[in-house]
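Quick one: structure below, then a few questions.
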Amino acid sequence: MERVQALFDGLWKDYTARLCPSAAKVHQLLEEGMPLLNDHIALRTFALPKVGLDRLAAPFIAIGYEPKGEYEFKAKKLFARHFEHPNPDAPKVFISELLVGQCSSELQLAVRSLVDQVDEDALNDPAFLYGGRLWDIDFDTYKKLAVESEYAGWLSAHGFGANHFTVSVNQLSTLDTVKGVNDLLRQSGFAINESGGEVKGNPEVCLEQSSTMADKVNVVFSDGEQTIPGGFYEFAKRYPLADGSLYQGFVEASADKIFESTDQ
C-alpha cells in the first residue's frame, strides 16, 4: 500500500492546491477526529493513443489495480472504466475519456494539436497523472472547446489531475445520509450540484452520490490568466448487495450528472 499511498498523496496535493482549494474546508466540516475515507477519485482524458484511458490506467495497474466496470455516456461522448485495488482500503479510480472521433472536425483538430505537444517521455513517470497541462493553449481555444464539450474545455485548460475526490459517507457517524451532508455544506456556503436532483441515485441502485459545484480557480493561458471552474468534492454512500457486501460499482445515470459539477 506504500506505492498506492504515495500516488494518492501526489494527486491530493495537486487537487487541493490547484483544482479544489475548498477541500480543506470540507474536511474541517466533516472530519470526526479521524481522517476522511476517500471512496474514489476521477480522472479525465482524451481518447487518443498517446493519452487515452489505458495510458492513465497504467500507473494504477502497476501498483495492483484491476479494471472493473465500464460505462458509456453517449450524449457527452464519453467512455469510462473504473478500477479497484485488492486492498479494500485503497480508493477506487474512475477514468473517463472524450471520444474525440465523435466530435466536430474543429474540436478534433484543436484537441489533436494540444496532444501533439505532449512529450511522450513525460508520460513514463506516474507523476504526470497530477502534472497538470502538458500543452499550451490560449483562452479563445478553451472557450470554443467548452461550447461544444464542457469536458473538452475543462481538460484542455487544466490538463491531468484529480477532477474530484470523494468522501465515503458510510464512514461518518454524526451524518449518515448524503442529504445530511448536503445540508451541512449549504449552511457553510457551498453550492451543491442539483442537476438530476441534489442526491443522485438511491438505495435501490445501491449508491447515492452528491457533489459541490466546482471551485473557481485561476488558470494561466498562453495569453493571460483567467478564472474558470476547477475541481469539486463528491460524497458517496454505498448500500449492501444481497450477499451483504457493499456495492462497489458506479451508476451511469448518476455519474452523468456528477460530470456537470464543472459546468460554467
Side-chain angles (χ1 to χ4, degrees), residues 12 15-16 19-42 44 68-69 71 73 75-76 78 80 82 84 88-89 91-94 96 150-151 154 162-217 229-264:
W12 174 254
Y15 167 74
T16 52
L19 295 167
C20 190
S22 70
K25 188 177 180 184
V26 172
H27 274 238
Q28 289 172 3
L29 290 169
L30 298 181
E31 276 183 336
E32 302 167 324
M34 293 181 63
L36 295 177
L37 286 180
N38 178 25
D39 181 87
H40 70 272
I41 64 163
R44 295 180 174 187
K68 297 293 183 179
Y71 313 90
F73 306 92
K76 291 180 172 65
L78 304 175
H82 95 267
E84 296 176 24
D89 293 334
K92 287 167 281 294
V93 178
F94 186 93
S96 57
E150 179 282 326
Y151 184 107
W154 190 96
N163 174 260
H164 63 268
F165 274 65
T166 308
V167 173
S168 170
V169 177
N170 295 75
Q171 169 211 15
L172 305 177
S173 54
T174 55
L175 293 167
D176 61 358
T177 67
V178 173
K179 176 71 165 60
V181 171
N182 290 351
D183 291 344
L184 177 62
L185 289 163
R186 272 207 189 88
Q187 291 165 16
S188 302
F190 284 93
I192 301 298
N193 173 357
E194 297 191 11
S195 178
E198 66 166 277
V199 177
K200 295 100 170 79
N202 52 56
E204 285 68 45
V205 296
C206 297
L207 178 64
E208 289 181 335
Q209 297 165 269
S210 73
S211 63
T212 61
M213 291 301 290
D215 282 10
K216 295 293 194 290
V217 297
F232 59 93
Y233 223 138
E234 187 183 324
F235 313 94
K237 181 172 183 177
R238 296 182 178 277
Y239 289 85
L241 298 167
D243 64 3
S245 65
L246 287 182
Y247 175 69
Q248 295 298 311
F250 294 85
V251 178
E252 283 177 3
S254 301
D256 183 73
K257 299 304 181 184
I258 293 287
F259 277 118
E260 294 171 20
S261 301
T262 54
D263 282 4
Q264 297 279 4

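All values reported here derive from a predicted model rather than from experimental measurement.
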Return yes if a side-chain donor-acceptor contact under 3.5 Å exists between Ser195 and Asn193, otherwise no.
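There is no such pair between these side chains.
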In Å and rounded to the nearest 0.5 Å, what is the CD to CG distance from Glu208 to Asn202?
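It is 6.5 Å, given to the nearest 0.5 Å.
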Which of parallel (below 30°), tilted (30 to 60°) and perpendicular (above 60°) describes Trp12 and Phe165?
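Judged by the thresholds at 30° and 60°, the geometry between Trp12 and Phe165 is perpendicular.
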State, without any angle test, whether His82 and Tyr71 hold a side-chain donor-acceptor pair at a distance under 3.5 Å.
yes
For the pair Val26 and Phe190, evaluate side-chain contact (heavy atoms from CB on, under 4.5 Å) and give the outcome as yes or no after the intermediate values.
CA-CA 9 Å; Val26 172; Phe190 284 93; 3.7 Å; yes
Would you please say whether a donor-acceptor pair under 3.5 Å links the side chains of Ser210 and Glu234?
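Ser210 vs Glu234: no donor-acceptor pair found between side chains.
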Would Gln248 and Lys68 count as having a side-chain donor-acceptor pair, cut-off 3.5 Å?
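No, Lys68 and Gln248 have no side-chain donor paired with an acceptor closer than 3.5 Å.
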Does Glu150 come within less than 4.0 Å of Arg44, counting only side-chain N to carboxylate O?
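Answer for the salt bridge query: yes.
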Between Arg186 and Glu194, is there a salt bridge with N-O shorter than 4.0 Å?
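A salt bridge is present here (some side-chain N lies under 4.0 Å from a carboxylate O).
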Cation-pi check, Arg238 to Phe250: give yes when NZ or CZ is under 6.0 Å from the six-membered ring centre and within 45° of the ring axis, no otherwise.
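The answer is yes, since Arg238 meets both limits relative to Phe250.
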When you look at Asp176 and Val169, which way does the side-chain contact (heavy atoms from CB on, under 4.5 Å) test go after all the steps?
CA-CA 6 Å; Asp176 61 358; Val169 177; 5.8 Å; no
Is there a donor in the side chain of Ser96 and an acceptor in the side chain of Tyr151, or the other way round, less than 3.5 Å apart?
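Result is yes, a qualifying pair exists.
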What's the spacing between Ser254 OG and Leu207 CG if we round to 0.5 Å?
6.0 Å
